[in-house]
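Reading through the structure tokens given below for one structure.
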Amino acid sequence: MAATSSSATIAIPGQLLGPASKFQPGPGTHIHESNLYSSLLGLVHVNQPTKAPGPVKRLNKITPAPPPAELPTISVSRSAVSDKRETLPEVGNTVLCRVIRITPRQAVVAILICGETVLDAEWQGLIRVQDVRATEKDRVKIYESFRPGDIVRAEVVSFLSPTLPFTRRFYADAAY
Amino acid sequence: MKFPLGSSSLNWMYGRGRQSAAIRNLETHNPTSTSHPESDSDLLHTADSYSSIMAIPSLSFSRPTFAKLSPHPYLLTNLSPQSPSTKPSRTNGRAPHEARPVQIHTSSLSHAHGSALVRSGNTTVVCGVRAEILPVTNIPQYRPRSSLQPSTTASDEAADRAELKAYDLLVPNIELATGCAPQFLPGVPPSTLAQTLSTRVYSLLHSCGVVDPKSLRIWHDPSAEAKKTTGEGDASMQDDNDDDESEAEPPQLMAYWVLYIDLLFVSFDGNPFDAAWTAVMAALRDTKLPEARWDPDREMAICSRTRKNPLDVSRGGLPVACTAAVFQEKEYAEAGGLAGENRHWVLLDPDRLEESLCRETVTMVVDCGGVGGETRIRSIEKQGGTVIGRELMRGFAGVAEKRWREVRDAMQ
Amino acid sequence: MTDRRRVNGPVGSTNPPVFEDEPEQEFGAQKGIRTRTPTATRKMYLKTGVTPSASGSAYLEIEASRKGAVSGLKLSCTVHGPRSLPRSTPFSPHIILSTHVKYAPFATKQRRGYIRDPTERDLGSHLETALRGAIIADRWPKSGVDIIISIVEGDHDRETSKSQGGEAWDMMNALSGCITVASAALADAGIDCVDTVAGGVAALVRDEGDDTTPRIVIDPIPSEHEQILAACCVAYLPDRDEITNLWFKGDLPASDMELYSQLVEKGIQASRNSNEVIVNSLLISTREQQPHERHDGTTRMHIAFNLQR
Amino acid sequence: MASTQHALLSPAELAYLHASLSLTPPIRPDGRAANQFRPLAAETGILPGTNGSARICFADGTEAIVGVKAEVERTRRGDGGREDGVEYVSSRLEGDFVEGVSSGEGAIAAVDEADRVGESEWVELSVEIPGARDDDAGTVFLAAMLAEALLAGGEFAKKLWINRRFHWKLYLDILLISPPLSYPLPLLSLTTHLALLATRLPRLKSEGDEDPFFDDDWAAAPYLYARKDGKATARPPVSLLVMAVGNNIIFDPSKEELAVADVALAVSVGEETATTTAAEADEAQQQQQPLGRNLRLLSVRTIDPPSRLTPPGVPNATNSAYGAATTQKQPEARAAESEAVEGVWKAPRGGAKALVMAALVQKALMRGGVADEVLDALDAVDLVA
């Protein structure tokens, strides 16, 4: 059975990693009946806690409300065991994307690379005109900034509101 | 690992990410000396004005990243290495004329009369041949053939082929929509590619005369029926060796075997036709048809479970397909402007990435198994592009011969 | 139904070969008597990563019980995704699962068509239920994943199974295989699951011969038994000790639920066996995994397809 | 998928509903008891053109009609068919080749093993749900479920046997004529049950294996399910929808209730038939209980509970101006929530314990339990064919 799997480092989905009281769940794990289980096939990492993330950081970079006592974070990563891993772009990620089509209001892009990960699926993103650059936002003309086929580097500023697919802020100079 | 070309960052500095710039930069391995069209200048100035916000980062990409962002330059830089010492190699590590090794495993399917699994690199295809009986009564405008003489003359052979085709005795179908690659998801009608492949296999099967129609005929031989010796049992299948009986009561052709040749791609990584054709050949050579006799009372063919006769595919020899794609230095967008020094590479047995980047492909079907082992070209197909001319074609024949031997060995 | 997009073959209808029965010499041997112990599953071979271009993939082969008479089960499963949903689809806080099971044309006794028939669709929805319990859907909002299973060779008898609707029982074996192989492929694709779900089948059978008291066997083969009274296929999460999909079918007196729960219990036992296979295969593939060298599926497929010979 | 259409409830509503359904006794939105069916109006013989038909209308407005048509069909049987495995069970794709090969060992053998044999092929059952394609997975699932219950044990198909060469081909057309306000399984199953009870086939006048001809006097036509003094000796199966929430077992859930189910099962129940088949011979001794109905368990299928697809609630702990963002793929955030926060809805993960499932089936089959009540209720409907 998975739980009594021979290897200590390799985790299998459903494998018991430890009690939730002793660890903090990291990526690739889930909690069931106040125990931590692996939810991925990969290698187990235990990171000792660094400093507690400040509240401001927590707001836009989403980490959970930290438990009262800082616990080591246990996580399961596929990076070591597989060269292809898909990740969802998260707020704050820097992504590389190709412009698919442009409208006066926004540019629609396909996200090709998220952080260091090359994505299989091309997730769609939006660059709203007001996000193209930090200053003189009102002067921005999408068609002056992008052309279909351009590769741009962008940062994810929002994700997942049912109305807007994605939104990105662009550092124009990073883009060109 | 980092991609060897540090200068790849340039694409994003000036090229606005379009591969035009990428290529320029890769030619002249010097960031600053890159010339760029006027259209870019205003953007440069835009870029400068924002350098205050954030310093321009020097981007350099890992291999996979570069491959994803601009596949064409990626393949190009692999094929044209800087140092003359290193040999040009493709992104998959193969030399331009190097094909993937082929593995063939036959008769692994128990419900098919013949089957083969062919694997070349990451392209895997399963072929199952299934024989069903087509009573001549079910054939509209069926022309009964009287002659029992084993067809020897050319005209007879022609007739045989006509027979195969007229009655549609060979039914090859290729299924790509098995999720064998991200672009081939099921639940959709056969893609253009799938249809093309099926048709190509179909026509090649007929043009090469791979299957001998004799082995598909099911005879009713009253005289053979009369004296039930197992020896005559064969007579029902192979008409050649029962001429002597034939005087008494001429055997009649009552039914045909129809061969349903179904191909299923388990994994797809380019060059589907070669793999498919190899699988078809292997499966047909593996096919054994149960011995069938016509039962006049029941008016149906009855087969023997024990006695099976291998399908006769000797006449067609062993045609082997060999496909290559032509990779050009300039993509179409550029070709107009810088037509002059447009280098090209002929990539044998292209994989998915290469196929997506090449417009010109050539497929040559050769058979070196003929008398004296001399090469016979059974078919040549070429699509798109203008690179391949007579010279290249001649050279390619040599490559095809080499490929033929590899496949032949795999078949053994 | 002629499909213009395919090579349709002759207009006149063709018939599968009809055999004169030559009873004794080879058939007597084949008339199946179950040789395994009631609690033994057939040998399984499972390998992940056979389709490198897919996000995840797996190949499952269940050995043929008796050479020639019964074909083993051969399944190839590919997982594509998580991928972004088409623009048309509405927002979803969960990953959207779509399962697709298809028999290859040469997989069964009859040549199958290319269009999915109700049986295959039914298998698909069973599979979906089984998997949806296993995956952690909210890890991948706004995404979809396609799970595609090609049944390269169906678990079918050469001769008709004597029990009515033998095919229906074969369906259960196929389903449990589908669940197992899909579970491995999901793990290979790196989609969060609460556990490695696995399928198992148990049946209440009556054997030919003098003692005709029904007994419960796991991983049944219809032709090995005089009659199958009831069977159930479970999809089971061993570590959570939970069932995500239960499919029972047959004819049991309501008066003794005991029989029923025993049947399910055996089904769970069967799925535990196949789960061990999953775990081992995952561990092996993970150990031998070097980045950029995932394509060692080659030799495995080779071995796999040779099991038959 | 269609078997689990979305109930549009907010996480808060879901949490509330789940809580009230887990109380003992559960409080259902429509005030029903846990094992109480929705009140229904039923009538039969509504379609004069059919051999049998029925219509049922649930109080919640869902309504279904079922029509049964029977045709005489020549039995396809071939010795070839037998050995080669071209048997009828799966012969959809096979041509009608075996036709005309009706003589020979195979056929004789077939008759020897039982003088009447039935094929599942003889019943064609089609389900239509408004707004769903007929090859939609959910619809196929429903049809398969109803069919497998009907054909279980092969008893039903045998009723269609006329003689060695001919049989009845039965077409069941099951139509949901209202929009699917709730998972239609119970409704469709009950309606089918009634329609089959009301089904009559013309009386056979011919004998032996000659081409059959029938008595055209409809009054003389016997019921498909033979009846003694107005009560059917045997009855078609019924499929019940059962779900578990917390420790409660709830029957015939409405759409909203199903949306918070921990597990949902479709249990098909048949009644012990007078004639014992080979299948039941050995269990006969157990069948002798005098009182109540002798129910039989025919099929159990897990219904994918829509609860798995419901939007999760966000506990205040992690709620913030960036509320939308917290639901993004962020393992920590998710996992932290998965420690169930009181009153915050969370879509269930995983499956159900075997014991729970067993309990559901047990409850449905209990002597004098829900299945009995339903069957009694259906008995009350007087049949017009």
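Lettering of chains follows the sequences in order, A, B, ..., and the numbering in each one begins at 1.
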Which atom of C:T129 lies closest to which atom of D:I303, heavy atoms considered: CG2-C, 4.5 Å

So, for C:P93 and D:P311, which heavy atoms are closest and what is the spacing to 0.1 Å? CG-CA, 4.2 Å

D:R349/C:D138 ion pair, N-O < 4.0 Å: yes

Out of curiosity, D:M357 CE to C:E242 CD, how far, rounded to the nearest 0.5 Å? 9.0 Å

Looking only at heavy atoms, the pair that brings C:T244 and D:G350 closest together is CG2-C, 4.3 Å

Residues D:T310 and C:H94: closest non-hydrogen pair is O-NE2, 2.8 Å

So for C:L246, is it side chain, backbone, both, or neither that comes closer than 4.5 Å to the heavy atoms of chain D? both

Side chains of D:L297 and C:Y260: does their closest heavy-atom pair fall under 4.5 Å? yes

Taking all non-hydrogen atoms of both residues, which atom of C:M257 and which atom of D:L365 are closest, and how far apart? SD-CD1, 3.7 Å

Minimal heavy-atom distance between D:V140 and C:P118, with the atoms involved, is CG1-O, 3.6 Å

Looking at D:L265, D:V300, D:V361, which hits side chain to side chain contact (heavy atoms under 4.5 Å, CB included) with C:F248? D:V300

Report yes or no: does D:K353 contribute a side-chain atom to a donor-acceptor pair with the main-chain N or O of C:R240 at less than 3.5 Å? yes

Salt bridge between C:D122 and D:R301, side-chain N to carboxylate O under 4.0 Å? yes

Heavy-atom pairs under 4.5 Å with chain C, option from D:A352, D:A144, D:A358, D:A152 with the top count: D:A352

Please determine, among C:I135, C:N245, C:L97, C:V194, the option with the most heavy-atom pairs under 4.5 Å with chain D. C:N245

